[in-house]
A.B. asks: 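For reference, the structure I am asking about is given below.
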There are 2 protein chains.
Amino acid sequence: MNDATPIVRKGRKFDQVLDGARDVFMVDGFEGASVDDIARAAGVSKATLYSYFPDKRLLFMEVANMECTRQSQSAVDFIDMNAAPRDVLCQAGKHFLRFITSKFGQQIFRICVAESDRFPEIGRAFYKSGPERMRAVMGEYFRAAGARGDLKIDDFTLAADQFGELCKADVWPRLMFGVIDTVSDEDIDRVVDNAVKTFLARYGP
Amino acid sequence: MNDATPIVRKGRKFDQVLDGARDVFMVDGFEGASVDDIARAAGVSKATLYSYFPDKRLLFMEVANMECTRQSQSAVDFIDMNAAPRDVLCQAGKHFLRFITSKFGQQIFRICVAESDRFPEIGRAFYKSGPERMRAVMGEYFRAAGARGDLKIDDFTLAADQFGELCKADVWPRLMFGVIDTVSDEDIDRVVDNAVKTFLARYGP
DNA sequence: TAGAAAGTGAACAGATCGGTTTATATTGTG
DNA sequence: CACAATATAAACCGATCTGTTCACTTTCTA
């Protein structure tokens, strides 16, 4: 399983291709993006592109996987495990909401939702590197906070999911469906503060 | 504005076209569906189809609008305004979650999310006939229950949104991204019961 | 510096798709 | 029955797209 797989490999222009592909896919989606456009954006000939990737679908998978893990890492690795729940939830919630309402966060969600029944691997990869990662980290914090008596939670993963969903209330769907196209900091503060309030009303000490 | 609009009209085979279009769009999405397939599924010639609808996009809009309003009406018009919060929330939540986790509910959400930046009208129409409708009805109930002292809510619409989002926790994203492909009644009960618990912990009497 | 490896540009094949046209057939109505 | 509206089937147009091929150039390396 090392040499016989003609799937992908690394070479001089590999990253160029990947970057161009990311840019075009993020603007046009999977179907909307043409390979010629990608090659042009990457500053690479189409023949070169096809020498790295066997087809468009595999190229898309590579891009999507890469972006998902890249984004989720930055969104999660800064939680202070010893801080008070109200502070941690506020900070994490705002970071989370800012990301999923960003142009980029919106688009990656859009593409994954749309394409995950044509390419089930896409959806699963996104879930694993996105929501599931958040779940794990939050669950870990909940356990620690529970041990200190700061929170009273029975089902850690469900609680983490509930908090994530609470942060989406009001503003995220309206953005997703084009009812609005900008989110103010005040909106983010308002929604997250309310999410924290509701969450702590149930799970607080 | 009555006769000069060459947009749509009603005729003998109008409903046939609409039904066929709905079936094909729901399986293949907008880009994936070909007009030839739709005409075949509708049992109608392509020329006939194009005599009713000027182009594919308008046909899709008509189908999407129709389905959104049809579904949201059935999902909302059965709330007992005088019942106790716990009962109303449980019932509404389960109805809601069952719908958005159904094959049909999933697909319409998928399409609207995917296509709502190419066709902003789609997203807005979906929001108006879906989430916004739910918001309005729940808000109305909250007001009534608040007047009776059964609930203490300051922001009705935000509370309604929070409840809707709480119902999605755990099971809906996993379904949406293909991590699972079936939802048991036990899962629905568990998630909704927990949503109600969290909601009432904050807004209960 | 010579030869191999990697990249280029452009054309090409094969296919699909949206939408139109045309000649013919079906249907409804006076 | 006759006439008009409506529907059909099939061919067709032009555009676009994925993926391949090929003759040629650039880049790396021994």
Side-chain angles (χ1 to χ4, degrees), chain A residues 3 5-64 111 114-115 117-119 121-122, chain B residues 2-64 111 114-115 117-119 121-122:
Chain A
D3 223 47
T5 48
I7 313 182
V8 285
R9 53 204 154 100
K10 315 264 155 174
R12 245 172 68 234
K13 307 226 159 180
F14 186 82
D15 293 337
Q16 253 182 73
V17 174
L18 224 58
D19 288 351
R22 188 202 52 201
D23 292 350
V24 178
F25 278 136
M26 283 304 143
V27 172
D28 296 335
F30 176 76
E31 298 282 0
S34 84
V35 177
D36 292 83
D37 279 355
I38 294 175
R40 199 176 308 120
V44 149
S45 79
K46 203 157 65 148
T48 303
L49 187 153
Y50 274 105
S51 81
Y52 282 106
F53 295 92
D55 61 25
K56 187 187 176 185
R57 189 176 134 274
L58 265 296
L59 173 56
F60 178 66
M61 290 279 301
E62 190 81 6
V63 168
I111 293 178
E115 235 64 53
D117 63 338
R118 209 183 306 262
F119 309 141
E121 310 105 316
I122 284 289
Chain B
N2 209 355
D3 222 50
T5 47
I7 313 180
V8 285
R9 52 202 155 102
K10 317 263 154 174
R12 247 174 66 234
K13 307 225 159 180
F14 186 83
D15 293 336
Q16 255 181 72
V17 174
L18 225 58
D19 289 350
R22 188 202 51 201
D23 292 349
V24 177
F25 277 136
M26 284 304 143
V27 172
D28 296 334
F30 177 75
E31 298 284 0
S34 83
V35 178
D36 293 82
D37 279 355
I38 294 175
R40 200 175 307 119
V44 147
S45 79
K46 201 157 66 147
T48 302
L49 186 152
Y50 274 104
S51 81
Y52 283 106
F53 295 92
D55 61 26
K56 186 187 179 185
R57 189 175 133 276
L58 265 296
L59 173 57
F60 178 67
M61 291 278 301
E62 190 80 7
V63 168
I111 293 178
E115 236 62 54
D117 63 338
R118 208 183 306 261
F119 309 141
E121 310 105 317
I122 284 289

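So you know, we letter chains A, B, ... as the sequences are listed, proteins then strands, and number each from 1.
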A.B. asks: Please state how far atom CZ in B:F53 lies from atom P in D:dA7, giving the value in whole angstrom units.
C.D. replies: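 Going from B:F53 (CZ) to D:dA7 (P), I get 12 Å.
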A.B. asks: In this structure, how many angstroms lie between the C1' atom of C:dG19 and the CG atom of B:D37, rounded?
C.D. replies: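 The answer, rounded to whole Å, is 16 Å.
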A.B. asks: So which one's nearest nucleotide on DNA chain D is more toward 5', A:A47 or A:E31?
C.D. replies: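 That would be A:E31.
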A.B. asks: What is the distance, rounded to the nearest whole Å, between atom CZ of A:F14 and atom C1' of C:dG7?
C.D. replies: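 Those two atoms, CZ and C1', are 16 Å apart.
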A.B. asks: Answer with base, sugar-phosphate or nothing: what part of the nucleic acid does A:G43 contact at a heavy-atom distance below 4.0 Å?
C.D. replies: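 Sugar-phosphate: the residue A:G43, judged by heavy atoms under 4.0 Å, touches backbone atoms but no base.
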A.B. asks: Starting at CG of A:D36 and ending at C1' of C:dA11, how long is that distance when rounded to a whole Å?
C.D. replies: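 The answer, rounded to whole Å, is 12 Å.
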A.B. asks: Check the orientation of A:F30 and A:F25. Use parallel for under 30°, tilted for 30 to 60°, and perpendicular for over 60°.
C.D. replies: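 Geometry flag for A:F25 against A:F30: parallel rings.
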A.B. asks: Can you tell me how far P of D:dC17 sits from CG of A:L49, to the nearest Å?
C.D. replies: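 After rounding, the reported distance stands at 15 Å.
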A.B. asks: With the side chain of B:V44 defined as its heavy atoms from C-beta on, choose the nearest nucleotide among C:dG19, C:dT8, D:dT8.
C.D. replies: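 Selected nucleotide: D:dT8.
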A.B. asks: Would one find a side-chain N or O of A:Y52 under 4.0 angstrom from OP1 or OP2 of C:dG7?
C.D. replies: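 Yes.
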A.B. asks: Kindly say whether, by distance alone, the side chain of A:K46 makes a donor-acceptor pair under 3.5 Å with the base of D:dG19?
C.D. replies: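 Indeed, a donor on one side and an acceptor on the other fall under 3.5 Å apart.
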A.B. asks: What closest approach, in Å, do B:I38 and B:G20 show between heavy atoms, and which atom pair accounts for it?
C.D. replies: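 What the structure gives for the nearest pair is CG2-C, 4.2 Å.
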A.B. asks: May I ask you to say what B:A33 touches in the nucleic acid, namely base, sugar-phosphate or nothing, with a heavy-atom cut-off under 4.0 Å?
C.D. replies: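 Here B:A33 touches the backbone only, sparing every base.
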A.B. asks: Figure out the CG/C1' separation between B:D28 and C:dC17, and round it to whole Å.
C.D. replies: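 Going from B:D28 (CG) to C:dC17 (C1'), I get 14 Å.
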A.B. asks: Between A:E121 and A:R57 (salt bridge meaning N to carboxylate O under 4.0 Å), is one present in this structure?
C.D. replies: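 A salt bridge is present here (some side-chain N lies under 4.0 Å from a carboxylate O).
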A.B. asks: Tell me the salt bridge (charged side-chain N to carboxylate O under 4.0 Å, His left out) pairs involving residues 38-50 of chain B, sequence neighbours left out?
C.D. replies: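 For residues 38-50 of chain B: B:D36-B:K46, B:D37-B:R40.
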A.B. asks: Counting side-chain heavy atoms from CB outward, which of D:dT8, D:dG19, C:dG18 is closest to B:K13?
C.D. replies: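 Nucleotide nearest to B:K13's side chain: D:dT8.
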A.B. asks: Between C1' on D:dG19 and CD1 on A:I38, what's the gap in Å once rounded to a whole number?
C.D. replies: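 For the pair A:I38 CD1 and D:dG19 C1', the rounded distance is 13 Å.
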A.B. asks: Check every atom of C:dG7, D:dT18, C:dG18 against the side chain of A:S51 and return the nucleotide holding the closest atom.
C.D. replies: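 Comparing C:dG7, D:dT18, C:dG18 against the side chain of A:S51, the answer is C:dG7.
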A.B. asks: Does the side chain of B:I122 reach to within under 4.5 Å of the side chain of B:I111, using non-hydrogen atoms?
C.D. replies: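 Counting from C-beta outward, B:I122 and B:I111 never come under 4.5 Å.
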A.B. asks: Under 4.0 Å, counting only non-hydrogen atoms across every strand here, what does B:T48 touch: a base, just sugar-phosphate, or nothing?
C.D. replies: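 Base, at least one base heavy atom under 4.0 Å.
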A.B. asks: Among C:dG18, D:dA7, D:dT27, which is the nearest nucleotide to the side chain of B:R12?
C.D. replies: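 That would be D:dA7.
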A.B. asks: Let me know the distance between CZ of B:R40 and P of D:dT8, rounded to the nearest Å.
C.D. replies: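 Going from B:R40 (CZ) to D:dT8 (P), I get 14 Å.
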